[in-house]
Structure formats: C-alpha cells, structure tokens
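Notes follow once the structure below has been shown.
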Amino acid sequence: MTISLTTLARRGAQVLALTALAASMAAAQTPGKLKVGLMLPYTGTFASLGTAIENGFRQHVTELGGKIAGREVEYFKVDDESDPSKATDNVNKLIKRDQVDVLIGSVHSGVAMAMAKAAKESGTLLIVPNAGADAVTGAMCSQNIFRSSFSNWQPGYAMGEVMAKKGIKKVVTITWKYAAGDETVRGFKESFEKGGGTVVKELSLPFPNVEFQGLLTEIAAAKPDAVFTFFAGGGAVKFVKDYAAAGLKKSIPLYGSGFLTDGTLDAQGADADGLFTALHYADSLETKRDNAFRLTYAKTYKLQPDVYAVQGYDAAQMLAIGLNATKGDASKAAEISAALGKATIDSPRGPFTISKAHNPVQDFYLRQVGTKENKKVGIASAKLEDPARGCKL
Amino acid sequence: MDLTTFLIQCLNSLQYGLLLFLVASGLTLIFGIMGVINLAHGSFYMVGAYLAFSLAPVVGATIGGGFFATLLVGVVLAVLFGYFLEWAFFSFLYEREHLQQVLMTYGLILVFEEVRSLLVGDDVHGVAPPDLLNGSIALGDMMTYPVYRLFISGVCLALALGMYFVFTRTRLGMMIRAGSTNREMVQSLGIDVKFLYRVVFAAGVAIAVLAGMVAAPVSSVYPGMGSTVLIICFVVVVIGGIGSIRGALFASLLIGFVDTFGKVMLPSAAGVLVYVLMALILLWKPDGLFKAG
Amino acid sequence: MNYSKQIFVALAFLALAVFPSMSGQYGLDLATKIMVFAIFALSLELLVGTTGLVCFGQAAFLGIGAYSAVLLSPSDQAGSVLWLLPAAMLLAGGYALAVGALSLRTKGVYFIMVTLAFAQMAYYVVHDTPLGGGTDGIYLLMKPGVGDWLDLEQPLVLYRFTLACLLATFAFLALLGRSRFGRALAGIRVNEQRMRATGFSTYPYKLAAFVISGALAGLAGFLFAVKDGFVNPELMSWHVSGEVLIIVILGGLGHLRGALIGAFAFALLQEFFKSEAIFGEFAKHWHLGLGFTIIASVALLPRGLVGVPGQIAARLRGAALGAPADAGPAGGNHGGH
C-alpha cells in the first residue's frame, strides 16, 4: 500500500506539472497571432519601470488597432525579478515554452545580457526597451537584436561635452560600481577630457549600496569644480537628498546622467531644483508628437509618462516598422535590420534613427530641474551615435 | 584625512551604527529570549518605512498631526500588529526546530512583500523630514551636517537608554532576563510566560517599525529594503552575542565605523569588510562578544 | 522487507530517463534546470540532513564551480569536460576546505553565520573586483564537450549528461551513507558529545563532509554554467543559499530523496504560481502563493514532503483503528535515502 502512495504522489506531481505546461502551451498554439514576449521586472525595485515600459508598448499597439503588420498581438509575460542568475531560464520560458516571435526586455543590464545571448542563439527577434549595457549592441550585437533606448555611454558622453564647453576643469565622478555606472562614467570621461577637463577622482560604491555619507565627505575634501554622477531609482533619490543635506549643492554644482532625476522628482523635492542632467527625453519638449503621446498616456493609465514609457512605445514602433517590411515575418532578421536602418522613428522624444549596431542615434537634451519637472534647456549632444566597440555588424 | 572630515565620518558612523542597533536589538531580543529565528524581521523595518510614507497624509487629515504624530500612530499600530502576529503565527514556532522557523519566516517575507506590493505598490518614495528638523548645521567651511541625522542618533540613543532602564531596573525587565535563561523555572514561579513572550515580540516589532519610520527620510522607501537590512542585522546579532542588548549596541557601532571608514579608505573591499570582521570575531570568540542579558 | 523507498527512487530516475520523449523543448530545459538544482540540494543534504551542520553559504561553492567553468574555458574553442569538470569540483572543494577548517570551530547559529560570512566574501570578490568580470556577469561563449561524442551544446545531450551526474551523485551519497564514514556522520548529527566521549575524533569527519559537499556543489555549479552559458555574481548571493536550504527542508531532512523531491516541488510550485494561464493578472504576485504554500507545508508537514506518505498512512491507519494517529519516529534519524 505504501508503494502505490509514493508513486501516486510522484505521478500526481508530474501530472500537475504537465497540465500546467500543456495549458500554457495550448494557449500559445493559435496560428496567425503575433506572439510578443515581455520579460520585465514586475516585482522588486524596478517594478514601476517595467510597468511603464509595458504601458508605453501597449499604447502604440492600441493605436495600431491591436495589430502589427496585419497580425493580432498576443502578449506573454514573465517576471524577471531583475535577477540575472534566473534570466536564462526565464527567457527560455518565452522562447521555448511560449514560442514567442518577439522578445521585449529588459530593464536590468545583467538580465538583458542573458536575454541577448539566448536571442542570439535562437534567432528570436529581441528589442531591448531599456538596459543600456554597451555589450548588447557591442560585443553581443546581432542581426536580430535591437535597442529602443540608449547605451550607457551616450548620456555620459553628452554631459561631458556640455561640462567641458562650460569651462569646468576639475570634476569628481561618483556612481555605483556596475556596468551602467562604469560605462556612463567612461563615456563622460571620454568627451570631458577631450574637451580639456580632468577627472581628479573617480568614486564608486558597490551596487545597490546607498550609504553615501562617507563619499560625500571625500567629495568635499577634493574641492572639485563640479561633480558628475550616475544613479537611478531609489539610489538617485537618496543621493540627491544627501548631497543637498550635506551642504554640497550650494558649493559644488552637481551634474548627472538624466536618470538621476527621472521618475524621482516627487521623492527628491526641492533638493533636486536646478540640477542639470542629460538624457534623450525631457518633460517639457512641447512638440505636437510628445504632447499627443503624453495626453493619451495620462488618460489611459492615470500616470504621467516617463522616459521608460517612451522607450516601450518606441520599441513597438520599431517592431511595427520592421515587420511591415517583412509582411509580419519576425524571423527575417536581415530584412528587418535593413528596414530599420533606413527608417526614421517618429518618437515622442524627437525623431531618431538606428545605427548599424542597432542602437538609437538620437539627440540628447540638456535638462534642468524646475518645478517637479525636467525642463529642456538646450541640446547637450545632437544625433549622438554610440561607437559600438566590439560589434562586428 | 583632515580633522573636519574625520569628525564628520565619525558622526556618520555613529548614526548608521545606532540605526542598525535599533533594528538589531529587536532581532536579538526575539532570538535570544524566545529562541525564534525570524527572517522576516527586516520586513518590519520595511513596513515602518512604508508606514511613514502612507500614514502621513492619513494622520494629517484625521487628527491633524505632523511627523511626530505619525510616528506615534505608527508605533501604536506596530505594537498591535506585533501582538497579533505573535498570537496568530509566531507562538506556534517556539516548539519547532530552528530550521522550520527559518522556512516559515522565509515564507512570511514573501507574503509581507507581496501584501505591501498589493496595498502600496512598488514605487520608490521619499518622506520629508519635519520642518523643525530640516536644517543643517555647519561643520568646517564647506560641509554641513543634517540636523535630522543627529535626531536619528538621538532617538536611537534614547531608546537604548530606555531599554537599559527597563531591563535592569524594572520587574518586567527582570522577568524577561529570567525567561531567556530558564523558561521552565520562570513558568513554575507562576509568571505567565506566554504573555511575556507576546510583550517582548510586540516590543521587538515596534522597535524595528520605529526604526524604519525614523530612517525613511534619509533612506528611500523602496521594495527590497528589508532584505538589505536583515543580513547586516544578523551579523550584528551574531557578533554581539545572541540575546545581549549590550552586545548588539557594541556590534552595531563597530559595524557602523568599520563600514563607513572602510567605504572611504578601501572602496573595493567595502562590501566584504563587515563579513571578514564577523569571521575574525567568531573565530576568536565563537559565541559572540557578550553573553545574553 | 519494505523496499518502497528504493522503488520510489528507481521509478523517479526511470521517469526522468524517459521524460525527453514526451516533453517539448521547454520541458527538457526545465527538467535540466531542476536536476542541476537537485544535485545542489543533495550536496547540502549531506551537510544539513546527514551531519547536522547547517550551512548558509552553499551558494559560494556553486558559484565557484560555475565561474571556474567559465574562466578556465578557452575563449576561442570548446573546452574539454574531462578537465573542466574535475577542476571546477576541485576549486569548489578547495574553498570548502578553507571555510570548513575555519568555521567548524563554531557551533549552532554562529556556525550558520560564519558560513554565510565566507559565502559573502566570495560573493563580494566576484562582484566588486575585476577577477570575476564584474556585476553583470560573463559569458561562456562555447560550451565544453569531449571530442566528438559528447557535445553539450545540444540540449538532449546536456539533459542526459546532467541526469547521469545526478544519478552518480545520488548513488555516491547513498553508498557513503551506508559506509562507516556515513555512520560516523549520522552519529555526529545525533549526539556529537557522545561520539567524542567514546574517543571518536569528530573534527576530521565534519571537515571531510564539508569538502565533499563543497565539491558536489561545484559540480552543480559547473552544470549551471554550461546550461546557461552565462554566469553572474548573483549565483553566489545569500538568496541562493537560502533557497537551497529551503529546498532541503521542504523536501525533508535526513533523506536523500528529500533533496530530489524538494528540488522538483519548489521549481514546480514556482512554475505553478507564475503561470498566467492559471492566475491571469494576479500571476505577478506569485510570491504570495509561494509564501503561503511554504508556511502551510511547514505547519502541516513537519517532516517535509518526504513524510507525506507516512502521514497519510498513519491517518488512514488511525481512522481504521479509531485510535489517534501515530506520527511515526520524529525527524529523519535513519540517514537513509
């Protein structure tokens, strides 16, 4: 009797598993539909970014009547939890279980790197709506991998040009010690030193640490002309507040990559007023295209859009352009690549093109924080193209 | 490093260490006195921070109070919550083995995070310190030190002194200390151990929640803040000696200093320093630095 | 004699062997992942269930095995499994030797925390220094193999290779459990003081168990790196150490098949709660379902999933006889599989 109970339990578990798998596989069998796999963070620190990207993507698909290149869009979602060690398993759910035609993701660079490898191996079309890791359109670039956002190098380089032109000579950089931070600072250093400036100190702390007090003291001791920084999300909120509270805001001007003040102004309050940042989007572009986008977004989702929503929206635009050229066939990477290479994407951020390495070539705006918004005050760098080091496309 | 910088780093170390102490003291109490490993302790800290954010408008609208009123309401809610949680859930864990407690409280972490996600969402928030404490005092010619951080240190110190007083000078403290050394004896003396445990647990929760509320203006309010603080708290408790409040205070300050100065002097080794410190101390004193009590 | 345990295990392996013929590509991948985790869980079971040493730093050995596989592989061609696999196990076991030698001086909760400390050290070395390629991880560009007849780039071959490793690990630990060495470990778990009082030197046995456990976790790490083609410092985080501990406790301590059952149950539970087909929009709150299930399982299944048949049988027996159900011997003190 004991024998049948144990095997029964085991068989029962297998049946349960197979049913769950079969259920999801069955759902994925409908022919003709365009299967879009969203791999975004739905839990954890970046959850709101994931939601914004999905909202932006869906908004454009709705504008197209729910169809891209004549095929009705069907969504599959996986929560990547911003965990790179589970990323390969998660993306394989979309590629192998749900057999999606297109992958959209992710926010975290480590996750995106795993996705890029899986996409390269399986040939599935991948559009990255945020993660800026240079490697995705650099060493791991591929015919079927595109990005609708930016590369980490870009905002840093743009800001470096601005600060050098302003005549700033000595700068201390501070960021998290991970790819996004390192690559942004590297981009900054490249243009800043070319423009005659010197980076006297490069401070960093491990990601996602937010105990800045010690490093703020170091900055004060070094007495630079200005500080350049990259932080995002909760870290950005805390850094800006700590910087002001330490009294540095008045004496040493703070500049940053746009993520320092994007989506964080509510929490940062008056401490962020007057800060200059560089990003490919701003809150007050006042173009018809952007105003229409923002109005629709606010009406549909009862939220204000941010750069992540725009990136999601543009991922959908890029997908539509590519698939229209191949009549809906997502496997024809070469033709999609050719179509996107020739296209100009009419984005709420302003028109942009796609480089040979499949990264956006776009204007970077110089923004200054006003009353709860990032006002565009100029162009930091026009039509900036990432050098795509290591890419063989 | 000049003198001003050094003094500022000392103040920073003190503030960080004292805040750690606040959270860790609850953990060591619960662990030392009731023998329960509670992985969800970091979640109480997270709950406190989110309470500071979400309660403030409610308190403002109903009883018209500001920051301090919110703190008070939060503490009261935390005590009730802790009392209920102990009765409904934790009291069943005392007879269980440590590993089962680990498993159950791990499940509890998942539940707390999701409930928070359902109730308040996953956004990052800031909490404004009260206007009274919003200034900065000048230290040296270029730097100022936020008054609010001094307030945090002050609150933590006051609580530490309060705990010391309760433990060593009151009957309740005596019962708690006795209960941690010999539960059966205390029971046979006619003292209601169940009630005692409930009180200790509620106090531990309330202290952690208060720490979260007080820290919210300087840290951001974000998902996952519970697990970051949890692991450091365990290190504090273990270095200090399980069940020892004095040990928790000493260990928290030690970690505060090592971590703050370490980040500045050896930034690439900063993350690992605290763990190297713990390993060294435990190899020298395998039971932690202080005895329980 | 009651051979139910052995039959269960044999049936389980048989099921795994024939699984590829009925699974899709995704099912194959999922099963491979679960088997790798099962090997990882078995390595911890040796420490926690058999010897009574609760290690909270097992992820470090997993990570060292994984990173060795990537860092020692040549960048332009497929490496050879014949030397990469033993190297990964050796390096992981080596770190376990160092950690064990230093931490076995402590006891109880302090031991748990010291093992955590050493795992965190390994994590930060890989996370913060250029040694491990940094926080975003490194790619394993070509999966290793052995000449022409073992190409791990192919999913089916990898599946079979992983299954073989799982079987070998299980068999090895089962034999170890029956040996004098295994009996000594069981004795240490039950009452170390008594062992020492009889003149038995327990330290070398504990250290040996630690090293073997570390090496086996290194094997799991190697397979992990080969399966994903990508390693990341998060592999060594305390969350992973926590997860594998949860798995062995959930499955049931003191039984090798507990580690197997736990690995499958945990992975399938996650799949279940994440499934949009079943939960729709609520699937993004899957942590809630998983958390409640874990709490319920500890509350209702004190001996882990392994104890379920026993509990059901006892209840049925109790119902038939009209007597209170006998829960059976407490906690796994057979050390059996």
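Residue numbering restarts at 1 for every chain, and letters A, B, ... go by the order of the sequence lines.
Here the OH-CG distance, from C:Tyr26 to A:Asp98, works out to 8.0 Å after rounding to the nearest 0.5 Å. C:His239 NE2 to A:Glu81 CD: the interatomic distance, rounded to the nearest 0.5 Å, is 10.5 Å. Taken from CG in C:Asp29 to CZ in A:Arg97, the straight-line distance is 12.0 Å, to the nearest 0.5 Å. Taking NZ from A:Lys93 and NZ from C:Lys274, the interatomic distance works out to 4.0 Å, rounded to the nearest 0.5 Å.
Side-chain contact between A:Lys86 and C:Glu234 is absent, with no heavy atoms from C-beta onward closer than 4.5 Å. At a threshold of 4.5 Å between non-hydrogen side-chain atoms, the residues C:His127 and A:Lys177 do not count as touching.
Interface residue A:Asp83: only side-chain heavy atoms are found under 4.5 Å from chain C. Neither the backbone nor the side chain of C:His285 comes within less than 4.5 Å of any heavy atom in chain A. Proximity to chain C involves both the backbone and the side chain of A:Lys77, based on heavy atoms less than 4.5 angstrom apart.
When each of A:Asp79, A:Asp89, A:Val78 is scored by its heavy-atom pairs under 4.5 Å with chain C, the top score falls to A:Asp89.
For residues 104-114 of chain A, a heavy-atom distance under 4.5 Å to chain C picks out A:His108, A:Ser109, A:Gly110, A:Met113, A:Ala114, given by residue number. Interface residues of residues 223-233 of chain C toward chain A, defined by a heavy-atom distance below 4.5 Å and sorted by number: C:Phe224, C:Lys227, C:Asp228, C:Gly229, C:Phe230, C:Asn232.
Within the 3.5 Å criterion, the main-chain N or O of C:Leu140 finds a donor-acceptor partner in the side chain of A:Lys117.
Around CZ of C:Phe13, the count of heavy atoms belonging to other residues, nucleotides or ligands within 6.0 Å exceeds 12.
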